[in-house]
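Below is one structure, written out as structure tokens, with a few remarks after it.
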Amino acid sequence: MSIASEAAVRNVNVSQCVAEAINLEMDRDASVVMLGEDIGRSGGVFGTTRGLQRQFGPDRVRDTPISEMAFTGMAVGLAMEGYRPIVEIMFVDFIGVCLEQVYNAAAKIPYMTGGAVKMPIVFKTAGGCIGSAAQHSQCLWGLFAHLPGMRIVVPSSPYDYKGMMAAAIDSDDPVVFIEHKGLLLRKAGSFAHGREVPRERYLAALDRAAVLRPGSDVTLVTLSLTVGESLAAAAVLADEGISVEVIDLRSVVPLDFDTICASVAKTGRLLVVDEDYLGFGLSGEIVTGAVERVGTSAVRHVLRHGVPDVPVPAALSLEQQIVPRQASIERAVRKLASRS
Amino acid sequence: MSIASEAAVRNVNVSQCVAEAINLEMDRDASVVMLGEDIGRSGGVFGTTRGLQRQFGPDRVRDTPISEMAFTGMAVGLAMEGYRPIVEIMFVDFIGVCLEQVYNAAAKIPYMTGGAVKMPIVFKTAGGCIGSAAQHSQCLWGLFAHLPGMRIVVPSSPYDYKGMMAAAIDSDDPVVFIEHKGLLLRKAGSFAHGREVPRERYLAALDRAAVLRPGSDVTLVTLSLTVGESLAAAAVLADEGISVEVIDLRSVVPLDFDTICASVAKTGRLLVVDEDYLGFGLSGEIVTGAVERVGTSAVRHVLRHGVPDVPVPAALSLEQQIVPRQASIERAVRKLASRS
Amino acid sequence: MSTLTLRDRYLAMVRMRRFEEACLAGVADREIHGEVHLGIGQEAIAAGLLGYLTDEDALVSTHRNHLHALAKGVPMYPLMAEIFEKRTGLCGGFGGHMHIFDLPRRFSTTGIVGSTLPVALGHAYAARLSGRASVAVGVTGDGGANAGGFHESLNIAGSLRLPLVVLIENNEWAISVPFEESTATATLAERAVSYRAWGKRVDGLDVLAVASAFGEAVDYARSGLGPAVLEATCYRFRGHYEGDPDMYRPAGDRDARRRDRDPLLITRESVVVEGGADPVSLAQEEQAIADEVDTVLAAVRRDLMPDGMQARDHVFTRGTAR
Amino acid sequence: MSTLTLRDRYLAMVRMRRFEEACLAGVADREIHGEVHLGIGQEAIAAGLLGYLTDEDALVSTHRNHLHALAKGVPMYPLMAEIFEKRTGLCGGFGGHMHIFDLPRRFSTTGIVGSTLPVALGHAYAARLSGRASVAVGVTGDGGANAGGFHESLNIAGSLRLPLVVLIENNEWAISVPFEESTATATLAERAVSYRAWGKRVDGLDVLAVASAFGEAVDYARSGLGPAVLEATCYRFRGHYEGDPDMYRPAGDRDARRRDRDPLLITRESVVVEGGADPVSLAQEEQAIADEVDTVLAAVRRDLMPDGMQARDHVFTRGTAR
Ligand SMILES: Cc1ncc(C[n+]2csc(CCOP(=O)(O)OP(=O)(O)O)c2C)c(N)n1
Ligand SMILES: Cc1ncc(C[n+]2csc(CCOP(=O)(O)OP(=O)(O)O)c2C)c(N)n1
Ligand SMILES: [Mg+2]
Ligand SMILES: [Mg+2]
């Protein structure tokens, strides 16, 4: 992926890219409707739905009461009626009040009906750490990924935020779309990758990882905000003589093992950087999946860097110790690169 | 673990072992209270609380309305008052209506308070497949395990059901105690391991795996109902000349990697048998944790056998294709043993 | 009010009872390998729904759903075949008794208590979006009315004046927990005021009373006034599920209720005594219904289970998410 | 009725306002790095609680919890220190503003809307178990009253007659969603009947009216009659959180409300005009409070953040679950 010429980089932030995608889909397809808290009158707490209610009216862009169980269930009913609902769970941390409708209904109905009923629902939600402590900083893609029947999409660049949201709405499968709070207000121009965001509609593939930086010593697999952190780390490490191949997963379910394994076969060293909890989640799945595919002899060294299975603490001094960011990623790469 | 003399094997089923454990704890500690649906008047849909309400009264053994969010939250309030609540979520599949209080409150409060507040709560629930299709057959220990702050206990034998329930109630940490519906009504005498259940109180360690059968070709790690299935498979495979070491995990969080790795270092072949969904869960964590500890060269071959990331279907003909049981475990071992 | 006669409703009740008995046979013979919840004793409620709903109206039911499916016009054969986990079932045997879906008839179910109303609310919202004058019926038991989704859904329906009809089958028990013990108020219908909803409690053994009240509720919701809550009282005749030892209810009381307050017998009596039905022709019709159900049962029993090789179908990853 | 005077309550309100302003300073200077929700404009409600609760009574609050903490007697210093994420805080800096816990005072909070009442219900149940004549207060906003936990908790409290007092701070907005748009009924207090609960709506800018109504509610619950629902109306003076652009509310209306209906000014007026307070001595007391808060703020600012090396403490696995 090449860095676009400055001329082509629009002065938009990531939230605007999301709003643009939803806008274009709603415009072309009257069956797309949206439900959630503060998505209408305010345009979303991060602005990802700005302008939509004004354009499409309060019925299609519905500000709901704080009743997540009811409105996630509404999406299931709407999907059975032929609508394509987008449901916003403001922060992913709140999923504990309504996981029921997501995993027991939306995710299972296509299977439980023997394929007779589709559930084209997007569960749009914001994750990631921006300093709001234990109940407002989680990622939780590992939680959703464990439960079959849903695509789990986690973009990292402005281009993908727009294109993957469009593809998520377009998909007939239930999709969990996890934004990072720390990216939503960033300008496209501040990104090192995927800065160029076309005005018109486009779809970005929902199940392909991207090699953002080629390298030969270490395969670094990551997603969401830590993609940018990892690219920055890789640049520093290159100066130290460590060549890091940075892979942006983009999708958690399904995982693109073709891309991951091709890289690991080359480097023999696999580092997974994950802002979600480390245990029983994404990183274990990637390491195991790679070992299953290319064998333990090809995967010579593995390392995981993620939130070490503690809640996210309030104080910055504590938070910095457990949330992966550029400096800690550099340390992890150095540690892995030194093994032989 | 030796097979007890028949004389010592009491004519109790697993549910009675659980009820006995709770009974003994409630008797010695007035702060132990229990909340849940159908635990009182009926003694539990599987009988795991039979007799408790008669003995300890309706206040300490409270039949609740179908209001899981309220009564899991009650347990949090009770714990802050110095009580040691046991909460029954009848089937683990229902956790989607009340995960919130479990993972955002009970599991995090000890950390969020900087260690000032303990949460000695047992979330007792039944999982596993006995033919009740997509919404009543899940295991979901992988879901809880991803969320930090809780012990996840999954016993397989009558001895452990009693001893680990006692230890769970005795623990100051929040514990998720996952029973298997297919074991609860089985008699102690029908088990090949842990059949001998003392009448008096005892505690079984909450964080140790057990090597139930030594072997040299394949390390088979499993838990819950598939422990018995694996032991039966290992006996058949022994006749074919394949020596299987069967490890009963007993605890999912924390995992006892000392025991797992000692075995893998010996056999070089690791098979994880898991009745939970395969992806992003226990099996990936075990494989990765083993690789991290003993290195890829020591773990020569790995294989996972679990529910292949589809919901559990209704029909027996379908269910048998996806739920691991003795015959499919035998096939998996043969497959792994043949690799060199 | 619908044009159905008491006799029509009675015969529908007979059909429902015979259907449940066919399922019972499937449990006894272990053809149905999952758990099964039957609606025996509650037929007057389902039969009271007849005549008010079209395929444009939705009905979302619970774990105890067979009678509602029949009332919504779901054909008996694929319904029974799904309960029997056969490939000819509505869901090809993937769903089973707690997961009945008939999309063209806007009928669906869930096995999770409290989860019906949110889904029904979605159907009600679809009516609003599409400008259809249809209603969505969400069924719950007395126990399910204590789940949070009840409150959330009714509040949304009330504030948006959505055409949601909440039908509460109050059979006095939620498994082993009696209604009075789990509920703060004497009735559930009185909660309607909290949601600016129409509310009424009706004797659920009296099929005509149910029909008239349900007709009112549907009219109210359909006309755009907002949600309606109809509580119909009844009694669960059997254990919570087939196999439930049911030791928590006083046996004497249960037996008396079943003997003296069977809606089928009560309704038959009305049909004969008040409706002046000819007992002989009525018995013939009853027999014809029994024969119909027997024929379906026999055919379903001959059907094949689904092909095991398809167990990984119908999920986009086809069991290879990883 | 408590023995506190109007003047006492007014001075408590001043203390609350100054406290919130100190937090504001912490946000402005980026000392507090997480999000912060302030209760400015809602002081008359918290000050109305004073005098009715002891340490045996519990209070469970929301994301907007500072004033409730002060009302419950949580000491200002460790409270502010926790909000400032300092090691001297109530939770050593691990919790932060949305997660305030003071166990000896039975005060706790959660950042998840709708999750307060279930926890408060647990305290109410503890009162029953231990035979204490204490109450548990669960706070919710108008928005939080639409969450399922509201219904589930009140129904349980009503059916067991538990001493749960639900305090609804109806500040007309849930972030950007106005009360009338999200709620089926004109008031929230009227929902009390669904739970066989005491219910009342009170003007939450009138501290004496709140005090008297809260006293009634607590008496009712304490005497074993069951739960009470007190809805106190008010207005959120600032954005939902500090940094909220708050473009969704008509600015003119907001400014007028803040200018003309500030509970601090209203109450001060009463203290002076009706209570005949000497303006000079009142101003001195106000100044003393401002000084007290300033002193605490200055000290908190000097405190250290927690030691980063402890970030894996306080979970039994110490970050090595795997
Ligand atoms: C969320 C949830 N909690 C508990 C259960 C287990 N369960 C199934 S049916 C039932 C009782 C339901 O009672 P009621 O709503 O009165 O319906 P009835 O069975 O009497 O028809 C319970 C507790 C469930 N399926 N889902
Ligand atoms: C379950 C859940 N949903 C959504 C949120 C996000 N959220 C935080 S505060 C809030 C509004 C709360 O409104 P209200 O209860 O009226 O309290 P107020 O902020 O007005 O004091 C929302 C939607 C949350 N924290 N938890
Ligand atoms: Mg019932
Ligand atoms: Mg509010």
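The analysis underlying the following values was restricted to heavy atoms, covering all of them including side chains, and did not include hydrogens, waters or symmetry mates. In what follows, chains are A, B, ... by sequence order, proteins preceding strands, each numbered from 1.
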Heavy-atom pairs under 4.5 Å with chain B - which of [options] has more of them than the others?
{"options": "C:Gly148, C:Cys91, C:Gly95", "value": "C:Gly95"}
{"options": "C:His33, C:Glu35, C:Met98, C:Arg87", "value": "C:His33"}
{"options": "C:Gly96, C:Ala174, C:Ser176", "value": "C:Ser176"}
{"options": "C:Lys86, C:Glu85, C:Glu82", "value": "C:Glu85"}

request  = Heavy-atom pairs under 4.5 Å with chain C are the metric here; pick the option from B:Pro65, B:Ala133, B:Ser317 that has the most.
outcome  = B:Ser317
Please flag which part of [X] lies under 4.5 Å from any non-hydrogen atom of chain C: side chain, backbone, both or neither.
{"X": "B:Gln320", "value": "neither"}
{"X": "B:Thr64", "value": "backbone"}
{"X": "B:Leu316", "value": "both"}
{"X": "B:Tyr277", "value": "neither"}
{"X": "B:Glu319", "value": "side chain"}

query = Would you say B:Arg54 has more than 12 foreign heavy atoms packed within less than 6.0 Å of its CZ?
reply = no
Identified side chain to side chain donor-acceptor pair (under 3.5 Å) partner of C:Glu172 from the options C:Arg249, C:Arg257, C:Arg236 = C:Arg257
ask   = Can we say C:Glu181 and B:Arg41 salt-bridge, meaning some charged N sits less than 4.0 Å from an Asp/Glu carboxylate O?
value = yes
Structural part of [X] lying under 4.5 Å from a heavy atom of chain B:
{"X": "C:His99", "answer": "side chain"}
{"X": "C:Thr110", "answer": "both"}
{"X": "C:Met247", "answer": "neither"}
{"X": "C:Asp142", "answer": "neither"}

Do the non-hydrogen side-chain atoms of [X] and [Y] ever get within less than 4.5 Å of each other?
{"X": "C:Phe84", "Y": "C:Ile32", "answer": "yes"}
{"X": "B:Ile39", "Y": "B:Val61", "answer": "yes"}
{"X": "C:Leu59", "Y": "C:Val139", "answer": "yes"}

inquiry  = Parallel, tilted or perpendicular: which one describes the rings of C:Phe19 and C:His66, with boundaries at 30° and 60°?
reply    = perpendicular
ask   = Looking only at heavy atoms, what is the nearest atom pair of C:Ser153 and C:Leu121, with distance?
value = O-CD1, 3.7 Å
inquiry  = Please determine whether salt bridge (Lys or Arg N to Asp or Glu O under 4.0 Å) holds for the pair C:Arg254 and C:Asp246, giving the CA-CA distance in whole Å, both sets of side-chain angles, and the decisive distance to 0.1 Å.
reply    = CA-CA 10 Å; C:Arg254 181 180 60 220; C:Asp246 196 355; 3.1 Å; yes
